[in-house]
2 protein chains.
Amino acid sequence: MGRAKLKIKRIESIVDRQVTFSKRRNGLLKKVYELSILCDTDIALIMFSPAGRLTMFSGKNSVEDILTRFLSLPQHQRGIMCNQEFLQTTLQKLNYESSLASQCSSSSSRSSISKNIEDLCNEIKKCKIQLEETKKRLRVFEGDVSEITSMNEVEDHEVRLNEALNQVIQKKKTLEGKCRISEVPSNDQIVRLIQQENFCRD
Amino acid sequence: MGRAKLKIKRIESIVDRQVTFSKRRNGLLKKVYELSILCDTDIALIMFSPAGRLTMFSGKNSVEDILTRFLSLPQHQRGIMCNQEFLQTTLQKLNYESSLASQCSSSSSRSSISKNIEDLCNEIKKCKIQLEETKKRLRVFEGDVSEITSMNEVEDHEVRLNEALNQVIQKKKTLEGKCRISEVPSNDQIVRLIQQENFCRD
DNA sequence: GATGCTATTTATAATGT
DNA sequence: TACATTATAAATAGCAT
């Protein structure tokens, strides 16, 4: 892409590297965003610029939420994590700190306390709205039909339920047949596939 | 990109969604890989497919190293750097205009403030736990079957989905009666019935 | 360093097999 | 059903500000 084809190897010039990083980072963020919306998927992206600056992205769920989901997977699905316990502890601590500890002990001025409280209240509000939306969506799947009023809605729900049911039936068949565990492709595999320009398929 | 311009919104068809996910995931992995080489940077990407399958990628350092680096940053840095300029949703706006905020700024003594903060934090924690549980239940209904591991669970979900589907179909009939539209069984329904019959014969 | 501008390369939506 | 092809949209390398 661009005036000339670029070899994929470390860019030696610091300036060029920084420029390329800045441009490609934006492109990458856009693509991650698009994928998360198009496919309604949990994606988390964490990157450090050559200068060590952090950029992170996640879709509708927070990076912490996705990391939590990631870390709570059975180990064989996630691959080998050497310092899993450290991460899990840290993440728990983080979730706790982000709400309780740091807020309570480090504030020194009235305004920063107010600001903290405001942040917390916003977080609660956000959480509750999210919870209510999630519950509402769940209700339909659990047979509560009272909030449906139009033909479009019923049909939409019918389609979704059928899709979900098909998935579950597929899963049942899988479980009944051989109990094969889906392998998670490793980094090395991914890199190899990318270099071969023959990528893995889902 | 492609024959036609695509609107960035959730793809409703489960098949199309899966296909798009698969293609775009490969594109994304390639771009992440290239950026990590070109700019010699730490990048971690974690994503869950619509079916709940995990894909993760990182450059020269492992995902857990990058997560460790990420989690060991001071919280304010993580917060400030958060790059979600693509996600200016109405929900976030709602949160900002939240009326709760005003309720939060009236305490006067230090200890009562601390108490309030603690309460708020506990509420957030409770909310988040509840939210995570609800999301988990919802995931199954939305076709992510990855967290089901036992036969009992699949069968339980199958029963629940069938019940919900019957409710929805009943509701549809009611609405159809009101609208005087004659009923035609959907393709999905027919497919499902066939699959169930085949299934029962075993 | 960031931004804007093309000429090109690259990614991919729709289609074909 | 899944994989290959193609026409088109999108990203971006090299330059110029």
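When reading the values below, keep in mind they use all heavy atoms of this one structure, side chains included, and skip hydrogens, waters and symmetry mates. Bear in mind that the values here come from a model prediction, so they are computed numbers and not experimental data. Here is the naming used below: chain letters follow the sequence lines, and residue numbers restart at 1 for every chain.
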Report the distance from atom [atom1] of [X] to atom [atom2] of [N], rounded to the nearest whole Å.
| X | N | atom1 | atom2 | value |
| --- | --- | --- | --- | --- |
| Asn26(A) | dA10(D) | CG | P | 17 Å |
| Lys30(B) | dA10(D) | NZ | C1' | 14 Å |
| Glu34(B) | dA10(D) | CD | C1' | 14 Å |
| Lys23(B) | dA14(C) | NZ | P | 9 Å |
| Leu29(B) | dT10(C) | CG | P | 18 Å |
| Arg24(A) | dT3(C) | CZ | P | 18 Å |
| Ile8(B) | dT12(C) | CD1 | C1' | 11 Å |
| Arg25(A) | dG1(C) | CZ | C1' | 12 Å |

Between the side chains of [Y] and [X], is the shortest nitrogen-to-carboxylate-oxygen separation below 4.0 Å, so that they form an ion pair?
| X | Y | answer |
| --- | --- | --- |
| Lys172(A) | Glu153(B) | no |
| Glu132(B) | Arg139(B) | yes |
| Glu12(A) | Arg10(A) | yes |

_Can you work out whether Gly2(A) or Val19(A) has the more 5'-proximal nearest nucleotide on DNA chain D?_
Gly2(A)

*Starting from the 5' end of DNA chain D, give me the residue, Arg3(B) or Leu38(B), whose nearest nucleotide shows up first.*
Arg3(B)

Which nucleotide wins on minimum distance to the side chain of [X], given the candidates [options]?
| X | options | value |
| --- | --- | --- |
| Met1(A) | dA10(D), dG14(D), dT9(C) | dT9(C) |
| Gln18(A) | dA13(D), dG1(C), dA11(C) | dG1(C) |
| Ala4(A) | dT10(C), dA13(C), dG14(D) | dG14(D) |

*Kindly say if Lys31(A) contacts the phosphate of dA10(D), meaning a side-chain N or O under 4.0 Å from OP1 or OP2.*
no

_What's Lys5(B) touching, base or sugar-phosphate or nothing? Going by heavy atoms closer than 4.0 Å._
sugar-phosphate

*Are side-chain N/O atoms of Thr55(B) and Arg25(B) paired as donor and acceptor at under 3.5 Å?*
yes

_Residue whose nearest DNA chain C nucleotide is more 5′ - Leu6(B) or Val15(A)_ = Val15(A)

*For Val154(B) and Val168(A), work out which heavy atoms get closest and say how close.*
CG1-O, 3.4 Å

